[in-house]
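Below is one structure, written out as structure tokens; comments come after it.
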Amino acid sequence: MANLIDGKQVSAAVKEQVRLETEKLVQESGKRPGLAVVIVGNNPASRVYVNNKKKACETVGFQSFEYALPEDTTQEELLELVQTLNSDSNVNGILVQLPVPPQIDDKAIINAISAEKDVDAFHPENVGRIMIGDYAFLPCTPAGVMELIDSTGVEISGKKCVVIGRSNIVGKPMAMLLLHRSGTVTICHSRTQDLASVTREADILVAAVGKANFVTADMVKDGAVVIDVGMNRLENGKLCGDVDFAQVEPKASWITPVPGGVGPMTIAMLMKNTLTAFKKQNQLA
Ligand code: GUN
């Protein structure tokens, strides 16, 4: 029987820390952290994420600025908004919810966001900083995973860590954060041969594949820490992770549920990054 890693509880603790620090800084400086969230079009999943981000801003005492743009927004219009937000001193963090509609090049948008306000840590400058271990912002989802692993008390240093998935948003930075903590890290992906033989070696297994119930019991070592980044919507509307929870849970020492595992952490880490941005921009750090 595995211990459950409670993402709701860990994320609430992170947000409470952010709230307390924000309250203190607002009193000292008379300024309040602000996050601008931009959503283009009507993607229902994006709508839910954006609403949750706004709610989290309220919880921790930030101002939030929402910009909901129509589906047919041009790249030039979005770039113009990003420039306006870059020069607005009430806006400390800028997040353009992805995916954007096909007429917009997401790379051009990410590149246009000021690196100091890039609370997603998607800008090439921030990605490069993560690579060399000299960063202000951690990418939200991998940073949330690190908090969850730390909440178990399991030491990362020296352990075999396997990440399934090589996306720019999760897999690659995840591997880098585990490496910075002296894990022995392997990244697996769709071309990996005999995937199960690699994942079975993992003391810490992070699944970021995007396929429901992809990780089965035969792929998991006894006593592994299993982190499920997946958020797959099944045909019946239910949310399901990348890990077959019923099968894997008896083998793992610790495991995250879906929902209630990694999901809430991403938003908590976004709040932490926005506070960091606010402090840096106002020389409060
Ligand atoms: N779409 C899905 N996850 C994310 C995220 O973390 N940030 C942004 N900007 N868009 C997303």
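Read the numbers this way: they start at 1 and go in the same order the structure lists the ligands and their atoms. Below, each value reflects all heavy atoms present in this structure, side chains not excepted, and no hydrogens, waters or symmetry copies. All residue numbers in this chain count up from 1 along the given sequence.
- Residue Glu155 comes nearest to Ile204 through the heavy atom pair O-CD1, 4.4 Å, listed as atom of the first residue, atom of the second, then distance.
- Using a distance-only test at 3.5 Å, with no hydrogens or angles considered, no donor-acceptor pair links the side chain of Gln281 to the main chain of Phe278.
- The environment of NZ in Lys211 is sparse: at most 12 heavy-atom neighbours from other residues, nucleotides or ligands sit within 6.0 Å.
- Ligand 1 lies under 4.0 Å from heavy atoms of Leu95, Val96, Gln97, Leu98, Asp120, Phe122.
- Remark: Arg19 engages Glu16 in a salt bridge, criterion side-chain N to carboxylate O under 4.0 Å.
- Partner Lys279 forms a salt bridge (charged side-chain N to carboxylate O under 4.0 Å, His left out) with one of Glu21, Glu28, Glu116 and no other, that one being Glu21.
- Not counting sequence neighbours, the partners of Arg47 by the side chain to side chain donor-acceptor pair (under 3.5 Å) test are Asn51, Glu66.
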